[in-house]
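Take a look at the structure set out below.
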Number of protein chains: 2
Amino acid sequence: MKRKKEVTIYDLAKELNYSPSTISRALNNHKSIGKKTIKEIQKVANELGYRPNSVAASLRSNKSKTIGIMVARINSPFMSTLISGVEDAAKKAGYNVIISQSNELYDNEVTNAKALYDSRIGGLIVSLAMETTSTDHFRQFQEKDIPIVFVDRVPKDFNSYRVIIDNYAAGFRATKHLIDQGCTKIAHFAGSQHVNVYNMRKKGYLDALEESNIKIDPELVINLPTMSLEEGTEAMRKLLKIDNSPDGLFSANDAAAVGAILVAKEEGVKIPEELAVIGFNDDPVASIVEPSLSTVSHPARKMGELSIQRILDHSKTSLGSSVSEITMLDTEVIIRNSSLKKTNESIPVKKAIV
Amino acid sequence: MKRKKEVTIYDLAKELNYSPSTISRALNNHKSIGKKTIKEIQKVANELGYRPNSVAASLRSNKSKTIGIMVARINSPFMSTLISGVEDAAKKAGYNVIISQSNELYDNEVTNAKALYDSRIGGLIVSLAMETTSTDHFRQFQEKDIPIVFVDRVPKDFNSYRVIIDNYAAGFRATKHLIDQGCTKIAHFAGSQHVNVYNMRKKGYLDALEESNIKIDPELVINLPTMSLEEGTEAMRKLLKIDNSPDGLFSANDAAAVGAILVAKEEGVKIPEELAVIGFNDDPVASIVEPSLSTVSHPARKMGELSIQRILDHSKTSLGSSVSEITMLDTEVIIRNSSLKKTNESIPVKKAIV
DNA sequence: ACCATTCAAACAATCGATTGCTTTATAGAA
DNA sequence: TTCTATAAAGCAATCGATTGTTTGAATGGT
């Protein structure tokens with residue numbers, strides 16, 4: 001199989017009797033090239049099927065139209081939607097997106113950072129692995145003034161762009177909602193506490209209780225390492241066994257909340273009457289599980305789009321690598337049947353379906 | 001912000017008094033370089049923090065360790081899992097993965113193909129957009145002997161690798177299952193018929209009916225353009241209105257099946273007694289919806305891994321671009337409560353939960 | 001008619017690694 | 001000791017585009 005030879009700017013140059021530099025500038029609509037010349041060159045380029053070699057362009061200009069993205073796992077509803085937003089927005093700006101996943105492991109994250117660095121990406125979007133506490137592996141990007149945007153799971157101690165939601169406020173409001181429904185013994189499924197999102201959600205939970213003068217019962221706060229559905233079922237079983245079992249549950253994600261609901265139903269605990277539940281993320285399952293799960297919705301797609309925006313802006317302003325800018329997005333408490341005790345504000349069925 | 005200068009093989013050459021070619025070969029463990037020399041060079045490279053510039057390498061060698069992937073949308077459980085499999089397998093082989101989504105539109109697919117071509121990917125994995133019927137935009141890759149693997153939604157008329165499931169058999173077996181449960185009026189939610197997966201699933205459905213001498217009722221076969229949950233609810237409403245309303249439903253995906261279940265419940269139709277339902281994909285919602293949804297499971301992650309495998313094998317064997325190899329994977333009919341009428345084989349609750 | 005501007009396009013170096021070919025050094029054979 | 005085979009390393013071209021600096025031509029003002 002012989003490969004068809006590529007058409008390069010040199011071929012165009014020969015064909016048109018212009019110099020390669022003129023061709024290059026014409027193709028990029030450079031102002032120092034005459035309008036008719038540009039037209040002519042672009043026309044012939046199309047006819048001959050010229051396609052720019054962006055590898056060569058990257059090498060010479062030391063800029064790359066590729067953005068790297070590192071997340072723990074791409075196949076969660078939240079992350080895949082965020083990445084979808086990144087990709088759509090990146091494409092609009094003429095960028096490609098390279099993905100890589102750490103599977104929650106620090107070592108993988110370091111390896112991935114190296115690989116992305118080697119491919120000379122023009123920007124990096126990161127949501128940290130659960131395990132990660134050190135951020136040294138991101139320094140190399142900063143040293144080359146490659147913008148880094150941390151999104152959702154962000155480090156404490158690294159100067160750069162951040163796109164996050166107000167986890168504290170969300171945790172506070174979710175808990176407050178349960179209190180408003182009359183719950184007094186509210187449990188919490190908390191994730192690893194060195195991860196900002198789980199840490200802040202828990203803080204919000206604690207402060208909401210305190211504000212309402214509800215004593216905090218350490219037995220009701222359970223740390224789930226991975227916040228999986230399975231861990232949620234297990235934790236719920238534990239909660240149902242203790243003397244003073246809870247009448248409310250704020251889970252830091254939907255998966256664990258669904259696990260809890262399934263167990264509660266299995267054990268004959270009425271939801272929301274005997275146990276009001278609220279989750280976090282508004283995963284698709286939340287509106288399908290029965291009773292439908294109250295939750296906090298995350299603007300996943302928008303977070304992705306804004307992350308790209310930060311990277312593009314960075315190149316324009318060239319403020320240098322020491323910028324640190326936080327973009328904080330609003331969340332929304334979505335009330336469904338799993339937490340709605342007061343029948344006078346009951347939700348129409350349709351809303352629960354769609 | 002001054003960027004730290006990169007360490008290149010030239011810097012190493014100067015430092016170590018070797019020629020750049022020796023450095024290059026040493027770093028790639030080329031056999032024509034002495035063992036001690038390799039050790040020495042690699043040691044110093046590490047100390048000086050040398051990082052290969054894969055852009056430069058790609059340009060020169062005209063090979064790229066980057067694989068492109070084009071799908072309709074990355075944020076579905078099936079696709080995000082498949083991509084996750086691709087990424088994991090690619091990383092193991094030292095490849096990066098660029099993603100791009102068509103949002104089901106042909107024009108976007110063409111644009112994406114151009115962009116990926118321009119970045120000189122080393123291989124391409126594609127799941128077609130619903131709209132796509134022409135495949136001319138993939139020719140450019142073939143002409144340069146860049147391997148293309150079509151996965152799941154594949155074209156009829158393009159010679160290349162395919163990784164698919166046996167949609168016909170799956171559709172047949174899913175329908176057969178409903179027949180075995182005693183259904184005689186079985187409806188089908190079908191997707192766009194020029195898309196192979198939906199076409200074959202429907203064929204399987206039709207043949208299963210025929211085999212059991214059940215007359216096909218055209219009114220019971222509904223085409224859903226996007227197979228969304230919403231379309232599923234709509235279609236179900238329609239089905240409930242016709243005279244001879246169905247006692248079974250095979251939906252070509254889970255989302256539409258869930259929509260149907262929600263409507264059926266709303267209208268007081270008992271599932272599975274009055275309507276047995278089976279979906280396709282085994283999305284997470286399938287096991288959560290009530291009653292839990294029978295479905296056909298798709299080995300998403302494995303499909304991703306095998307796709308990468310095909311690409312790697314291609315480079316090794318260099319059979320040229322005219323190869324056409326089909327990898328067909330097994331599916332599994334998963335029986336849950338939405339279709340299980342016979343109480344003697346009822347499913348334990350635990351299985352439904354986890 | 002002359003010099004100063006402005007505009008268009010060309011020249012040539014450069015980005016960092018790869019690789020076919022050549023040279024040099026070393027060892028073994030005769 | 002001389003010659004050949006082999007291993008180790010160097011030379012220099014190359015991949016395709018970008019870009020600072022020059023050159024050349026055309027325009028305009030006086």
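Naming: A, B, ... by sequence-line order, numbering from 1 per chain. Below, all heavy atoms of this structure are taken into account, side chains as well, without hydrogens, waters or symmetry copies.
Distances shorter than 4.0 Å separate none of the side-chain N or O atoms of A:T22 from OP1 or OP2 on C:dA9. Close to D:dA9, at under 4.0 Å from its OP1 or OP2, lies no side-chain N or O of B:S32.
Side-chain atoms of A:R310 never come within 3.5 Å of backbone atoms of A:I326 as a donor-acceptor pair (strictly under, hydrogens ignored). With hydrogens and angles disregarded, a donor-acceptor distance shorter than 3.5 Å links the side chain of A:N28 to the backbone of A:S24. Not a single donor-acceptor pair under 3.5 Å links the side chain of B:T135 to the backbone N or O of B:F138. A distance-only check finds no donor-acceptor pair linking the side chain of B:H314 to the backbone of B:I146 [under 3.5 Å]. Using modelled atom types, no side-chain atom of B:S84 and backbone atom of A:N75 make a donor-acceptor pair closer than 3.5 Å. Distance alone, capped at 3.5 Å, places no donor-acceptor pair between the A:R139 side chain and the A:H137 backbone.
A donor-acceptor contact under 3.5 Å is formed by the side chain of B:S21 with the base of D:dC11.
The distance between atom CD1 of B:I23 and atom P of D:dA8, rounded to the nearest whole Å, is 16 Å. Atom NZ in B:K36 sits about 6 Å away from atom P in D:dA9, given to the nearest Å. One atom, OH of B:Y18, and another, P of D:dA9, lie 5 Å apart when rounded to the nearest Å. Atom NZ in A:K63 sits roughly 14 Å away from atom C1' in C:dT14 (whole-Å rounding). The nearest whole Å value for the distance from the NZ atom in B:K31 to the C1' atom in C:dT19 is 13 Å. A:L27 places its CG atom 15 Å from the C1' atom of D:dT19, with the value rounded to the nearest Å. For B:K39 and D:dA9, the NZ to C1' distance is 19 Å, given to the nearest whole Å. Look at CD1 on B:I33: it is 16 Å from C1' on C:dT26, rounded to the nearest Å.
Backbone-only engagement by B:T37 is indicated by non-hydrogen atom pairs under 4.0 Å involving sugar-phosphate atoms exclusively. Backbone-only engagement by B:N17 is indicated by non-hydrogen atom pairs under 4.0 Å involving sugar-phosphate atoms exclusively.
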Would you tabulate the nitrogen or oxygen pairs shorter than 3.5 Å linking the protein to nucleotides 15-17 of chain C?
| residue | atom | partner | partner atom | Å |
| --- | --- | --- | --- | --- |
| C:dC15 | O2 | A:R60 | N | 3.2 |
| C:dG16 | N2 | B:A56 | O | 3.3 |
| C:dA17 | OP1 | B:Y50 | OH | 2.6 |
| C:dA17 | OP1 | B:N53 | N | 3.4 |
| C:dA17 | OP2 | B:I9 | N | 2.6 |
| C:dA17 | N7 | B:Y10 | OH | 2.5 |
| C:dA17 | N6 | B:Y10 | OH | 3.0 |

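Within a 6.0 Å sphere centred on NZ of B:K302, heavy atoms belonging to other residues, nucleotides or ligands number 12 at most.
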